[in-house]
Undergrad: 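Please see the structure below; I have some questions.
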Amino acid sequence: MRTLTLSHDYAIGLTDFLALLADAATWEKLGSAATTQRVDPDTEVTVRTAVPASELPATLASRLTSGAELVEVYMVPGDVIGDRAEVRMTAHAAGVPVEIDSLLTLVSEGSGTAATVRSEISSSVPMFGSMIEQALVPILETQLRERLDRLAAV
C-alpha cells in the first residue's frame with residue numbers, strides 16, 4: 001500500500017465547499033459524468049471519468065478494455081457540526097486490480113476552507129502489486145493536484 005497526502009486552500013466557506021462537492025454540475029465542469037443520491041442527511045456522489053490507457057503504466061494499460069473509466073464514490077456529509085468535516089472517497093476502474101481509498105478533511109479557516117486529502121493506493125496483484133502502486137503514485141498525485149486546483153476555479 002502506498003500513501004499520498006495533498007493540501008489545498010479554498011476561498012469559500014466549509015458549507016459552500018461541501019455543497020460544491022455534492023453537486024453533479026461541479027464534476028461535469030471538471031470533465032466527468034456524475035450522479036448524486038441522497039442518503040439522508042448525506043449525499044453520495046458517483047463520478048465517472050474516462051481513463052486513457054496512455055496515461056497508465058504499461059502493466060495496467062494492458063488490462064484495460066477500450067472505454068475504461070475510473071469510478072469514484074464520494075460520501076459528502078449533509079450536516080456539519082463545528083468547523084470540520086470529512087468526505088470519504090473510494091475509487092476503482094473495472095479490470096484494474098487497484099483500489100484507492102481517500103479521506104478529504106475539511107477545516108473552516110475564516111471565510112475559507114483548508115482541505116487535506118490522504119489517499120491510500122493498494123493493488124491485489126501478487127508479486128507485482130507494489131510496483132503497480134509505486135507507478136501509480138505520481139499519476140494519482142498529478143491528477144489529484146490538478147483536480148484540487150480546478151475545484152478552486154469552479
Undergrad: Ignoring hydrogens and angles, tell me if any N or O in the side chain of T113 forms a donor-acceptor pair with the backbone of L14 under 3.5 Å.
TA: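 Between the backbone of L14 and the side chain of T113 there is a qualifying donor-acceptor contact (under 3.5 Å).
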Undergrad: Restricting to ring pair (Phe, Tyr, Trp, His ring centres under 6.0 Å), what partner residues turn up for H92, sequence neighbours left out?
TA: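 For H92 there are no ring pair (Phe, Tyr, Trp, His ring centres under 6.0 Å) partners, ignoring immediate neighbours.
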Undergrad: Can you sort out the partners of E120 under salt bridge (charged side-chain N to carboxylate O under 4.0 Å, His left out), two or more places apart, ordered by chain and number?
TA: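 Residues passing salt bridge (charged side-chain N to carboxylate O under 4.0 Å, His left out) with E120: R118.
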Undergrad: Please report the shortest heavy-atom distance between L21 and V45, naming the atom on each side.
TA: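 Distance-wise, the nearest heavy atoms are O-CG2, 3.7 Å.
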Undergrad: If I compare all heavy atoms of D42 with all of G78, which pair ends up nearest, and what's the gap?
TA: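 Closest heavy-atom pair between D42 and G78: OD1-N, 3.0 Å.
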Undergrad: Looking at residues at least two apart in the chain, or sitting in another chain, which of them share a ring pair (Phe, Tyr, Trp, His ring centres under 6.0 Å) with Y10?
TA: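 If we apply the ring pair (Phe, Tyr, Trp, His ring centres under 6.0 Å) test to Y10, skipping adjacent residues, the hits are H8, F17.
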Undergrad: Walk me through it: do I121 and V137 pass the test side-chain contact (heavy atoms from CB on, under 4.5 Å)?
TA: CA-CA 8 Å; I121 306 157; V137 167; 3.8 Å; yes
Undergrad: Taking side chain to side chain contact (heavy atoms under 4.5 Å, CB included) as the definition, give me every residue that meets it alongside A114, ordered by chain and number, with sequence neighbours left out.
TA: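 If we apply the side chain to side chain contact (heavy atoms under 4.5 Å, CB included) test to A114, skipping adjacent residues, the hits are D9, E109.
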Undergrad: CG of D23 to CG of L18: how many Å apart, nearest 0.5 Å?
TA: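 Nearest 0.5 Å value for the CG-CG distance: 12.5 Å.
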Undergrad: Are the side chains of R88 and E86 in touch, meaning some heavy atoms are under 4.5 Å apart?
TA: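 Side-chain contact under 4.5 Å: yes.
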Undergrad: Going by the rule side chain to side chain contact (heavy atoms under 4.5 Å, CB included), which residues pair with T46 if we only count those two or more places apart in sequence or in a different chain?
TA: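 With sequence neighbours excluded, T46 shows a side chain to side chain contact (heavy atoms under 4.5 Å, CB included) to T35, E44, R48, V71, V73, given in chain and number order.
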Undergrad: Holding to side chain to side chain donor-acceptor pair (under 3.5 Å), I want the full list of residues that pass it with R150, two or more places apart in sequence or in another chain.
TA: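 In terms of side chain to side chain donor-acceptor pair (under 3.5 Å), with neighbours along the sequence ignored, R150 is linked to no residue.
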Undergrad: Please enumerate all residues that pass salt bridge (charged side-chain N to carboxylate O under 4.0 Å, His left out) together with D149, with sequence neighbours excluded.
TA: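 Expected list: none.
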Undergrad: Is there a chain of hydrophobic side chains (I, L, V, M, F, W, Y, each step under 4.5 Å between heavy atoms) that links L151 to V107?
TA: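 No, L151 and V107 fall in different hydrophobic clusters.
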Undergrad: For residues S122 and V98, determine if any side-chain heavy atom of one lies less than 4.5 Å from a side-chain heavy atom of the other.
TA: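 Counting from C-beta outward, S122 and V98 never come under 4.5 Å.
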Undergrad: Using the side chain to side chain contact (heavy atoms under 4.5 Å, CB included) criterion, which residues pair with L70? Sequence neighbours excluded.
TA: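 For L70 the side chain to side chain contact (heavy atoms under 4.5 Å, CB included) partners, ignoring immediate neighbours, are V51, E72, A91.
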Undergrad: If you compare all heavy atoms of L6 against all heavy atoms of E141, which two are closest, and at what distance to 0.1 Å?
TA: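 Reported closest heavy-atom pair: CD1-O, 3.9 Å.
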Undergrad: Which residues pass the side chain to side chain donor-acceptor pair (under 3.5 Å) test with T36, sequence neighbours left out?
TA: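 Expected list: none.
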Undergrad: If you measure from CD on Q143 to CG on L148, what distance do you get to the nearest 0.5 Å?
TA: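 Nearest 0.5 Å value for the CD-CG distance: 11.5 Å.
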Undergrad: Working to the nearest 0.5 Å, report the span between OG1 of T43 and CD of Q37.
TA: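 Interatomic distance, T43 OG1 to Q37 CD, rounded to 0.5 Å: 9.5 Å.
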Undergrad: Taking the side chain as every heavy atom from C-beta outward, state whether S119 and T3 have any atom pair closer than 4.5 Å.
TA: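 No, their side chains stay 4.5 Å or more apart.
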Undergrad: Determine, using the 4.5 Å side-chain heavy-atom cutoff (strictly less than), whether V80 and V76 are members of one ILVMFWY cluster.
TA: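 Looking at the clustering, V76 is in the same group as V80.
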Undergrad: Can you find a heavy atom in the side chain of M1 that is under 4.5 Å from one in the side chain of S130?
TA: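 No. Closest side-chain heavy atoms not under 4.5 Å.
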Undergrad: Are M75 and I100 joined in one hydrophobic group, where the rule is that I, L, V, M, F, W and Y side chains link up if heavy atoms are under 4.5 Å apart?
TA: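 Shared cluster, no.
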Undergrad: Going by the rule side chain to side chain contact (heavy atoms under 4.5 Å, CB included), which residues pair with V154 if we only count those two or more places apart in sequence or in a different chain?
TA: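 Side chain to side chain contact (heavy atoms under 4.5 Å, CB included) list for V154, sorted by chain: L20, T26, K29, L30.
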Undergrad: Whether the side chain of D101 engages the backbone of T90 through a donor-acceptor N/O pair (distance < 3.5 Å, no angle test) should be reported.
TA: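 Checked: no pair found.
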Undergrad: Taking only residues two or more places apart in sequence or in another chain, which ones pass side chain to side chain donor-acceptor pair (under 3.5 Å) with T49?
TA: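 With sequence neighbours excluded, T49 shows a side chain to side chain donor-acceptor pair (under 3.5 Å) to S32, given in chain and number order.
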Undergrad: Using the side chain to side chain donor-acceptor pair (under 3.5 Å) criterion, which residues pair with E99? Sequence neighbours excluded.
TA: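 For E99, no residue satisfies side chain to side chain donor-acceptor pair (under 3.5 Å) once neighbours in sequence are set aside.
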Undergrad: Within this structure, what is the CG-OG distance for the pair L104 and S102, rounded to the nearest 0.5 Å?
TA: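 Result: 8.5 Å between the selected atoms.
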